[in-house]
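For reference, the structure is listed below as structure tokens.
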Protein chains: 2
Amino acid sequence: MPTIYEVAALAGVSPATVSRVFNGMNVSPEKSKLVRKAAEELSFTPSRTARTLRRQHSEVIALVIPDIENPFFTSLARGVEDVAQAAGYSVVLCNTDENAEKEARYLDIAISDNMAGVILAAAGDHSDLSKLIERKRPIVAVDRGPHGFDIDAVMVDNRAGGHAATTELVEQGYKRIACITGPSDVETAQQRADGWREVVQAAGMPATDDYLKYSDYRVAGGEAAMRELLDLPEPPDAAFITNNLMSVGALQVLAERGAVPPAVGMAVFGDLPFAGFAPKEITVVHLPARHLGVTAAKLLLDRINGDDQPARTIVLRNEVGSGSRA
Amino acid sequence: MPTIYEVAALAGVSPATVSRVFNGMNVSPEKSKLVRKAAEELSFTPSRTARTLRRQHSEVIALVIPDIENPFFTSLARGVEDVAQAAGYSVVLCNTDENAEKEARYLDIAISDNMAGVILAAAGDHSDLSKLIERKRPIVAVDRGPHGFDIDAVMVDNRAGGHAATTELVEQGYKRIACITGPSDVETAQQRADGWREVVQAAGMPATDDYLKYSDYRVAGGEAAMRELLDLPEPPDAAFITNNLMSVGALQVLAERGAVPPAVGMAVFGDLPFAGFAPKEITVVHLPARHLGVTAAKLLLDRINGDDQPARTIVLRNEVGSGSRA
DNA sequence: TTGAAAGCGCTAACAC
DNA sequence: GTGTTAGCGCTTTCAA
């Protein structure tokens with residue numbers, strides 16, 4: 001592995017000059033040319049490790065998400081990636097599997113690797129960000145809130161979305177509307193269910209524990225929950241499902257039992273993945289997944305570049321529509 | 001940021017001892033305890049950057065894939081991740097977007113960051129791995145071949161899969177079977193189409209250019225290609241589609257035109273994403289996506305650990321079945 | 001078992 | 001505009 005010293009020797013300049021060339025600083029055209037030629041000849045690749053050690057921060061940002069197999073998060077990731085790339089940063093994806101320990105490990109790595117910053121969709125409501133904050137590493141929370149830490153956040157209005165989706169179901173004439181939501185320690189799960197509860201109670205419909213299933217935001221979880229609901233002595237005639245993946249599972253069960261929407265009503269928080277084939281009668285709260293990522297990345301870059309204003313929270317709009325997007 | 005020096009000072013030992021404690025080397029229990037306490041007190045996190053610089057390799061492996069929004073690759077990624085994690089490595093995902101430049105950039109970063117190794121699903125057939133190889137960084141090719149470089153590879157039998165899928169269509173009685181495949185510079189696209197061509201020609205059916213569409217392995221591409229096929233003066237009565245995402249687009253078009261399978265026959269190489277709702281009459285060549293990842297990661301770890309045998313190529317089985325998995 | 005010290009490859013004062 | 005040099009935080013000989 002050639003180093004700047006070897007390049008410098010070959011080019012007949014000092015190591016500092018080589019460094020300057022590779023960092024776009026002022027160097028005379030002649031020397032610059034010499035350096036480039038020497039570097040080429042040795043197929044020199046600068047060591048980002050050494051540079052990071054010296055500068056105390058790298059050009060990579062960590063994107064920590066709970067489920068890399070969920071299209072919502074990959075779409076969000078694309079948003080982050082696109083703006084990060086444009087600014088010269090690379091993004092490393094860290095999959096926590098909704099697991100607090102894995103998350104903690106990745107956050108440690110972010111520190112330990114001197115990463116420029118982290119964008120976090122938290123695995124639960126107990127993420128410990130104190131070390132990051134102590135060390136002044138910028139963090140922005142995305143999709144899921146900052147849980148008491150004073151940091152930037154980019155969110156959607158979960159309660160309002162749950163409210164709108166459920167309202168739609170009521171207006172469609174359904175009378176017993178259940179809710180399948182995510183883990184009880186994930187705030188989005190609570191908030192979306194809150195929206196549901198408000199509407200259902202206001203309409204004088206049952207909002208019992210039987211009708212509110214906590215699950216896991218995954219396909220299999222949605223399947224299981226929907227099965228339980230349909231097996232109730234008095235099964236619901238519609239369900240509000242608080243994420244995309246669980247709705248896939250739920251739909252599956254409905255199909256098995258020959259009760260595809262609108263036979264049983266369905267509203268979903270989040271876009272159905274690869275929705276081309278889903279029934280049109282499903283109500284969908286569209287989420288600006290990519291835009292969440294873009295926005296979070298912009299906030300993070302601001303902070304990395306020294307922006308020092310008080311923490312901001314940005315709430316993006318989500319809009320209710322039908323099964324497939326316009 | 002506390003360093004081992006500060007921990008050493010507080011614990012009353014040398015920096016070397018602190019290092020040894022954190023690397024599980026032989027240190028007397030008493031000193032060890034002192035060090036741990038001091039580290040805890042200072043909330044010390046060792047710098048992986050410094051360690052990497054010193055050791056000349058990190059504990060991270062790069063997984064370079066063409067499309068992070070394709071469930072096939074995220075599933076593969078999960079496989080990689082699971083075995084890497086278990087061995088103490090972290091995985092960073094690099095999304096190349098089927099773009100050779102982005103890929104080259106990421107491969108450079110892998111070198112520059114002293115990563116332990118890379119698993120590559122190549123964006124085209126011209127990836128330049130020479131720098132990696134020069135520097136003796138282990139690489140394993142996954143899903144797509146090594147293109148002349150002498151490295152480990154984990155593949156599926158694309159030609160055989162294309163053959164089997166198309167044969168199924170023939171047996172179902174379709175007479176004019178088209179093929180929608182991926183970019184012409186991606187070998188899997190060629191090989192799968194080769195399998196199709198063999199069967200179709202052997203059956204005395206047309207295998208004209210009209211019936212073979214090169215596309216982009218993406219939803220929109222599948223959509224466009226299927227549209228073109230159906231608009232032909234003599235449209236096909238079935239299609240073999242060489243990846244999961246394009247089949248989603250194709251299915252969409254078929255649905256629009258009221259020609260959902262089996263009205264028009266369809267066979268797909270790769271599992272339909274979130275398939276719960278797809279017609280059962282679609283023939284699917286199931287791909288062991290996760291297993292590809294697992295296998296690739298194991299090979300890579302072998303190499304990282306110094307395994308020095310000649311390059312191996314492992315071909316995993318894929319099996320033909322119906323729309324949804326058992 | 002432990003410590004002293006060199007050095008991984010780079011950048012950023014500082015001097016010229 | 002350019003060179004010299006110290007040092008980022010760690011690991012690893014080498015000696016004791």
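All heavy atoms count here, side chains included; hydrogens, waters and symmetry mates do not. Order of the sequence lines sets the chain letters (A, B, ...), proteins ahead of strands, with each chain counted from 1.
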[N] [atom2] sits how many Å from [X] [atom1], rounded?
{"X": "Arg135(A)", "N": "dG9(D)", "atom1": "CZ", "atom2": "C1'", "value": "13 Å"}
{"X": "Lys33(A)", "N": "dG1(D)", "atom1": "NZ", "atom2": "C1'", "value": "16 Å"}
{"X": "Glu6(A)", "N": "dG9(C)", "atom1": "CD", "atom2": "P", "value": "8 Å"}
{"X": "Glu30(B)", "N": "dT1(C)", "atom1": "CD", "atom2": "C1'", "value": "10 Å"}
{"X": "Arg55(B)", "N": "dC10(D)", "atom1": "CZ", "atom2": "P", "value": "12 Å"}
{"X": "Asn114(B)", "N": "dC10(C)", "atom1": "CG", "atom2": "C1'", "value": "12 Å"}
{"X": "Met25(A)", "N": "dT2(D)", "atom1": "CE", "atom2": "C1'", "value": "12 Å"}
{"X": "Met1(A)", "N": "dG7(C)", "atom1": "CE", "atom2": "P", "value": "18 Å"}

Residue [X], side-chain heavy atoms: nucleotide from [options] that is nearest:
{"X": "Leu53(A)", "options": "dC8(D), dC10(C), dG3(D)", "answer": "dC8(D)"}
{"X": "Asn23(B)", "options": "dA4(C), dT11(D), dA12(C)", "answer": "dT11(D)"}
{"X": "Arg54(A)", "options": "dG9(D), dT11(D), dA12(C)", "answer": "dA12(C)"}
{"X": "Ala16(A)", "options": "dT2(C), dA12(C), dC10(D)", "answer": "dA12(C)"}
{"X": "Asn26(B)", "options": "dG9(D), dT1(C), dT2(D)", "answer": "dT1(C)"}
{"X": "Thr3(B)", "options": "dC10(D), dT2(D), dT11(D)", "answer": "dC10(D)"}

Base, sugar-phosphate alone, or nothing: which one does [X] contact when heavy atoms must sit under 4.0 Å apart?
{"X": "Val18(A)", "result": "nothing"}
{"X": "Arg48(A)", "result": "nothing"}
{"X": "Phe22(B)", "result": "nothing"}

With a 4.0 Å cut-off on N to O distance, would you call [X] and [Y] a salt bridge?
{"X": "Asp125(B)", "Y": "Arg144(B)", "answer": "no"}
{"X": "Arg218(A)", "Y": "Glu98(A)", "answer": "no"}
{"X": "Asp308(B)", "Y": "Arg303(B)", "answer": "no"}
{"X": "Arg78(B)", "Y": "Glu69(A)", "answer": "yes"}

Q | Side chains of Ser112(B) and Thr49(A) in contact at under 4.5 Å (non-hydrogen atoms) | A | no
(Q) Can you tell me if Ser19(B) touches the phosphate of dC10(D), counting only side-chain N or O atoms and a distance under 4.0 Å to OP1 or OP2? (A) no
Q. Would you say a side-chain N or O of Ser28(B) is under 4.0 Å from OP1 or OP2 of dT2(C)?
A. yes
**Q.** Distance-only donor-acceptor check, side chains Ser127(B) and Glu103(B), under 3.5 Å
**A.** yes
Q.
Assuming nearest nucleotide by heavy-atom distance, tell me which of Ala50(B) and Arg20(B) is located more 5' along DNA chain C.
A. Arg20(B)
Q) Of Ser14(A) and Tyr5(A), whose nearest nucleotide on DNA chain D comes first from the 5' end? A) Ser14(A)
